[in-house]
Amino acid sequence: MKKIIGALCIMTLIWACSSESATDDEVIIPDDQEEVSFERSAMLINWADNIIIPSYEAFSGDLDALLNSFNTFKVDTNEGNLTAFRSAWINAYTSWQRVEMFEIGPAESVGFQLNMNIYPTNTENIDEFIVSGSYDLSLSSNRSSKGFPALDYLLNGLGEDDTSILAFYNGDNKDALFTFTEDVLLDMKSLTDTVLSDWTEGYRDTFVANDGASSTASVDRMVNDYIFYYEKYLRAGKMGIPLGVFSGAPLPENVEAYYEGTISNELFLEGLNAVQDFFNGKHFNSETEGESLASYLDALNSVKDGEDLSSLINAQFNTARDLVSDLAAFREEIENNNTPTAMFLAYDEVQKAVPMLKVDMVSAMSISIDFVDADGD
């Protein structure tokens with residue numbers, strides 16, 4: 001609560017100070033900000049046409065490949081096909097990091113993130129579902145028993161090695177195991193098809209047309225969702241919670257892709273790359289950049305500590321990436337170190353971007369935060 005009040009005080013101070021009285025620690029906002037010419041609609045078009053929809057299309061294709069690899073494994077349940085199935089899962093999970101932040105419109109309507117990537121997965125439920133054959137994956141109570149984390153358990157957690165995992169798929173409950181695994185995959189594919197088709201068959205135009213400057217306009221809502229994802233899912237979910245930042249004790253079982261054990265850093269870094277690319281308006285799978293949060297800040301001539309705010313934010317993303325890249329797998333860092341100091345230091349650099357986005361950036365853009373910070377950070 002103290003930090004909430006502190007953040008509000010900082011925002012009030014920023015608005016109260018003119019460029020003449022600003023100190024080195026304040027974001028300088030020009031007195032003639034209202035005269036700045038920046039087309040929000042151009043930014044929305046770039047987001048929709050060059051980032052969001054292409055990211056969903058690529059993810060949908062990777063899910064198709066995952067389903068195909070499962071079908072091959074189902075027909076011929078051997079170690080080579082298990083390895084291929086697992087590899088396709090990793091590819092799709094990595095691709096997911098590019099769309100997870102877009103919890104707006106169609107994704108918000110179906111609870112996309114909540115239905116695709118709630119971890120740790122509920123292994124007791126999964127085991128019971130397989131044995132009983134009775135379950136409803138559409139229930140919100142079963143969100144932690146499906147999606148990518150459930151596949152992590154089904155691909156990597158049923159045994160200590162591939163031989164023991166294959167024994168399950170070739171054992172007495174093989175039909176029930178294959179049925180449940182297929183249902184998880186089909187649920188993921190159905191949700192993805194719904195989100196993508198809604199974007200391409202109407203929501204894209206609605207999103208772009210809503211180009212005003214209000215709390216319900218597309219830019220304001222997208223910025224809030226973007227910051228919420230960075231703070232709650234990337235920073236806290238993928239790093240802070242398993243590290244024990246909020247609980248006071250490490251929770252390694254809360255690491256993303258816990259059973260696979262080695263790709264948590266890769267998933268985090270892909271998510272961080274997606275966040276930074278979106279900030280810079282970088283087209284999906286391209287070096288081309290369009291109108292963006294960074295170019296919006298530049299148009300506003302937003303300066304902090306004597307430097308362009310957009311440059312400072314990019315520099316902080318880069319610093320965080322460098323430290324995370326030097327870490328071992330998150331699970332290994334947490335389980336093998338009594339105090340995972342290096343991971344704490346990396347987390348601190350990830351955290352430093354939060355006030356830059358949540359206070360400095362939104363203040364410059366006159367955007368209000370619409371979610372409550374309740375995790376004590």
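Residue indices begin at 1 and follow the sequence shown. Only this structure's heavy atoms are used, side chains among them; waters, hydrogens and symmetry mates stay out.
Applying the side chain to side chain contact (heavy atoms under 4.5 Å, CB included) criterion to A167, with sequence neighbours excluded, gives no partner residue. With sequence neighbours excluded, the residues that form a side chain to side chain contact (heavy atoms under 4.5 Å, CB included) with E103 are A107, F112, Q113. In this structure E266 satisfies the salt bridge (charged side-chain N to carboxylate O under 4.0 Å, His left out) test with no other residue, sequence neighbours excluded. E307 pairs by the side chain to side chain donor-acceptor pair (under 3.5 Å) definition with nothing, not counting sequence neighbours. Remark: F102 pairs with F278 by the ring pair (Phe, Tyr, Trp, His ring centres under 6.0 Å) rule, at least two apart or across chains. Take Y153 and apply the ring pair (Phe, Tyr, Trp, His ring centres under 6.0 Å) test, not counting sequence neighbours, and it matches Y259. Partners of E335 according to the salt bridge (charged side-chain N to carboxylate O under 4.0 Å, His left out) rule, which considers only residues two or more places apart in sequence or in another chain, are R331. Taking the side chain to side chain contact (heavy atoms under 4.5 Å, CB included) definition, one finds that N81 meets it with T72, F73, D76, N78, sequence neighbours left out. Applying the side chain to side chain contact (heavy atoms under 4.5 Å, CB included) rule to T94 yields the partners I90, L267, E270; only residues at least two apart in sequence or on another chain are considered. For the salt bridge (charged side-chain N to carboxylate O under 4.0 Å, His left out) test, no residue two or more places apart in sequence or in another chain qualifies with E260.
Judged as a salt bridge (charged side-chain N to carboxylate O under 4.0 Å, His left out), the pairs with a partner in residues 177-188 (not counting sequence neighbours) are, in order, K74-E182, K146-D187. Applying the salt bridge (charged side-chain N to carboxylate O under 4.0 Å, His left out) test to every pair with at least one member in residues 44-68, sequence neighbours left out, gives these pairs: D49-R204, D64-K189.
The aromatic rings of F129 and F180 are tilted relative to each other, their planes meeting at an angle between 30° and 60°.
A continuous path of ILVMFWY side-chain contacts below 4.5 Å connects M365 to F371, so both sit in one hydrophobic cluster.
Checked against the 6.0 Å centroid threshold, F59 and F284 do not count as a close aromatic pair.
Between R86 and D152, no side-chain nitrogen of the basic residue sits less than 4.0 Å from a carboxylate oxygen of the acidic one, so the salt-bridge criterion is not met.
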